[in-house]
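I have placed the structure first, in the form of C-alpha cells, so that the comments after it can refer back to it.
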Amino acid sequence: MNKPKILIFDIETSPNLGYIWGKYEQNVIDFKDEWYMLCFAAKWLNNKKIITSKLSDYKLYKKDKQNDLEVIKELWKLLDEADVVIAHNGDQFDIKKSNARFIYHGLNSPSSYKSIDTKKVAKRYFNFNSNKLDDLGKYLNVGRKIKHEGFDLWLGCMNGDKKSWNKMIQYNKQDVLLLERVYKRFLGWIINHPNYGLYQGEQFACPNCGSKNLIRRGFAYTKINTYQRWICKNCGAQSQSRRCEKDTIKPRLKN
Ligand SMILES: [Zn+2]
C-alpha cells in the first residue's frame with residue numbers, strides 16, 4: 001500500500017557575523033560573513049533511523065569551513081522525496097532557510113510537498129503558555145530538548161571543535177525525536193491534514209494517519225446532505241464520508 005512519505009526535520013544555522021559601532025540597540029553596518037547551514041537532522045515518520053548531515057562530515061570542510069554545499073545537497077534530496085514535511089516553525093524558518101541555501105547553490109526547488117508546522121498547530125488549536133518545542137515537550141510529557149551551553153556550542157562548531165560538533169548533532173537528533181512525539185500528540189487535532197487516503201488510493205481510511213480502524217460517531221449535516229462521521233481509534237482524528245448517506249429529496253417539477 002502506498003503511504004505518503006512524511007519527513008520530520010530540523011536545521012541548525014550559523015549566526016551572521018557583522019560590523020557594528022556599539023552594543024546597545026545597534027544597526028548592522030555590514031555583514032562580514034552571512035549565515036550558512038551547520039547541520040540538519042531528519043527522519044521519516046515511524047522509521048527509527050535518524051539521518052544527519054553536518055559540515056565536518058565532508059572533505060570540503062578542510063578547505064572551507066563555511067561551505068555548506070554537501071549538507072544542502074543531502075537536505076535537498078530528502079525534501080525532494082517527501083510528500084509532507086514536518087518542522088517546528090518550519091514555514092517561517094527551516095523551509096525558507098533551506099530554500100535560501102538551495103537557490104544560493106543554484107539548485108531548483110525540490111518537488112512540491114505539503115508542510116505541517118507544529119508551531120502553527122500549537123497556536124491554532126491551543127493556548128499554551130509557550131509554543132516553544134522544549135516547553136511543548138514538557139507540557140505534553142513527551143520529553144525535553146538536550147540542554148547545552150548556548151552560543152558557545154555554535155562558536156565551537158564554527159571553530160571546528162570536534163566535541164562541539166558531536167554535541168550539536170546529538171542536540172539536533174533529540175529535537176527531531178521530540179518533534180515527532182509532539183506531532184503525534186497533535187495528530188488527532190489537525191484539521192486539513194494531508195489526506196492519507198489519497199496517497200493510499202483508499203477512501204475508507206483516517207485522513208490523518210491512514211488507519212482503517214474507524215468507528216461511527218454520529219453524522220455531519222450540511223444544508224442538503226447527511227454524511228457519516230467517523231473517529232479514528234488510532235489517532236483520534238475525526239473525518240466524514242465523502243458520499244452522503246441518503247439521496248437528497250428530488251424537487252417536484254411543475255408539469
Ligand atoms: Zn487516525
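Numbering of ligands and ligand atoms starts at 1, following listing order.
- In this structure the side chain of Y196 never reaches within 4.5 angstrom of the side chain of C206, judged on heavy atoms.
- Electrostatic pairing of E70 and K59 does not count as a salt bridge here, judged by no charged N lying under 4.0 Å from a carboxylate O.
- If you take CD on E180 and CG on N47, they are separated by 9.0 Å, rounding to the nearest 0.5 Å.
- Protein N, O or S atom count below 2.8 Å of the Zn ion (ligand 1): the structure gives 4.
- The six-membered or imidazole ring of F186 lies away from that of Y125, with a centre-to-centre distance of 6.0 Å or more.
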Expected list for residues 23-30: side-chain donor-acceptor pairs under 3.5 angstrom, two or more places apart:
from, atom 1, to, atom 2, distance (Å)
Q26, OE1, G22, N, 3.0
Q26, NE2, Y24, O, 3.0

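- Note that the CG atom of N159 and the CH2 atom of W165 stand 11.0 Å from one another [nearest 0.5 Å].
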